[in-house]
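Since the structure comes first, as structure tokens, the remarks are kept for the end.
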Amino acid sequence: MAQRQRARPRQDRAVQTRRLLLDTAARILEQGGIERLTTTAVIEAAHVSSGTYYRYFNDRQELLGVLREEAVRAISDDLMVSVVDALELDLDAALRLVVVTLVEGFERHRGVILAMVDQMPAGNNANVLPEIEAQLHNLATLLPRRHLPGLAPERLEGVVFMMMGVLVSTCLRIALGRPEGVDREELIRLTVAMVRAGLTEIADAR
């Protein structure tokens with residue numbers, strides 16, 4: 001028992017040190033972009049030794065990979081909650097809740113996601129976060145089923161595929177690439193209107 005009690009502080013310190021390195025890297029990305037994120041910059045900003053850094057991460061790419069996984073997990077978790085809450089709302093309110101959740105999630109992890117975009121050959125046009133679409137595919141069928149009852153399974157699959165792609169890519173643009181002077185709220189309203197129009201067209205065509 002005494003040995004376990006002595007081990008706990010070392011384990012806690014390890015968790016805290018790893019968290020310090022990740023938070024420091026995220027802050028560097030937010031403030032200066034991926035060009036500023038170097039192993040040396042993280043070591044200096046976190047006030048740790050190089051040996052401490054390499055105890056937790058082999059290189060910058062591994063550090064970025066962990067930050068990416070954390071961002072995807074956090075955004076996905078928030079989105080899952082919003083989709084469930086949206087089932088109790090009318091279509092416009094439901095779509096707005098999902099759009100706002102995505103935009104806010106991307107904004108919270110702006111530095112990490114911009115670093116991911118910078119590393120993609122297609123830039124803003126790339127599918128930067130395919131995990132979000134993949135992980136939420138089944139959950140994403142809930143909204144079309146709620147508002148388009150009786151839709152054939154193959155058409156439902158197409159609706160989900162397009163809706164997730166449009167929402168993720170559009171919300172990324174709002175959060176990361178909004179032109180100066182363009183109102184964020186107006187872009188959110190426009191996104192809701194675009195998706196609603198698409199769903200309405202599908203409903204009328206049945």
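Basis for what follows: all heavy atoms, side chains included, without hydrogens, waters or symmetry-related copies.
Note on Met194 and Phe106: separate hydrophobic clusters, where clusters join Ile, Leu, Val, Met, Phe, Trp and Tyr whose side-chain heavy atoms are under 4.5 Å apart, directly or indirectly. Cluster annotation: Val192 and Val182 are assigned to the same hydrophobic cluster (Ile/Leu/Val/Met/Phe/Trp/Tyr, side-chain heavy-atom contacts under 4.5 Å, transitive). Taking hydrophobic clusters as Ile, Leu, Val, Met, Phe, Trp and Tyr residues chained together by side-chain heavy-atom distances below 4.5 Å, Leu89 does not share a cluster with Val84. When the side chains of ILVMFWY residues are joined at heavy-atom separations under 4.5 Å, either directly or via intervening members, Leu97 and Leu172 end up in two distinct hydrophobic clusters. Both Leu187 and Leu102 are part of a single hydrophobic cluster, where members link through side-chain heavy atoms under 4.5 Å apart.
With rounding to the nearest 0.5 Å, the separation of CZ in Arg184 from CD1 in Ile174 is 8.0 Å. In this structure, Tyr53 OH and Thr24 OG1 are separated by 11.0 Å, a value rounded to the nearest 0.5 Å. Atom CD of residue Gln16 and atom CG of residue Asp23 lie 11.5 Å apart, to the nearest 0.5 angstrom. One finds the OG1 atom of Thr52 at 8.5 Å from the CD1 atom of Ile43 (value rounded to the nearest 0.5 Å). One finds the CG atom of Asp59 at 12.5 Å from the OG1 atom of Thr38 (value rounded to the nearest 0.5 Å). Taken from CG in Leu37 to CD in Gln61, the straight-line distance is 9.0 Å, to the nearest 0.5 Å.
Closest approach of Ala86 and Ala94 over heavy atoms only: O-CB, 3.5 Å. Considering every non-hydrogen atom in both Leu64 and Ala115, the closest pair reads CD2-CB, 4.3 Å. When every heavy atom of Ala46 is checked against every heavy atom of Leu20, the shortest pair comes out as O-CD2, 3.6 Å. Pairing each heavy atom of Val195 with each of Leu95, the nearest pair is CG1-CD2, 3.8 Å.
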Practice item. Any chance you could lay out the salt bridge (charged side-chain N to carboxylate O under 4.0 Å, His left out) test for Arg189 and Glu186, step after step, and finish with the verdict? Key: CA-CA 5 Å; Arg189 284 197 297 267; Glu186 180 59 29; 2.5 Å; yes
Point to revise | Stepwise side-chain contact (heavy atoms from CB on, under 4.5 Å) check, Leu167 with Val99 | key: CA-CA 7 Å; Leu167 283 175; Val99 170; 3.6 Å; yes
Check your understanding: Given Leu22 and Tyr56, is the side-chain contact (heavy atoms from CB on, under 4.5 Å) satisfied, shown in steps?
Key -> CA-CA 10 Å; Leu22 289 167; Tyr56 298 96; over 6 Å; no
Practice item. Test side-chain contact (heavy atoms from CB on, under 4.5 Å) on Thr39 and Phe57 and set out the steps. Key: CA-CA 10 Å; Thr39 299; Phe57 302 103; over 6 Å; no
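The side-chain hydrogen bond (donor to acceptor under 3.5 Å, both in side chains) search around Arg27 returns none, not counting sequence neighbours.
Salt-bridge check for Glu107 with Arg110: failed, with every basic side-chain N at 4.0 Å or more from each acidic carboxylate O. The residues Arg178 and Asp183 are annotated as not salt-bridged, no charged nitrogen and carboxylate oxygen being separated by less than 4.0 angstrom. A salt bridge links Arg96 to Glu185: at least one charged side-chain nitrogen sits closer than 4.0 Å to a carboxylate oxygen.
Checked by atom type and distance alone, the side chain of Arg60 pairs as donor or acceptor with a backbone atom of Ile34 at under 3.5 Å. Checking side-chain atoms of Ser169 against main-chain N and O of Val166 turns up a donor-acceptor pair under 3.5 Å. In terms of modelled atom types and a separation under 3.5 Å, the side chain of Glu30 and the main chain of Ala26 share no donor-acceptor contact.
Atom CZ of Arg36 has 12 or fewer heavy atoms from other residues, nucleotides or ligands within 6.0 Å.
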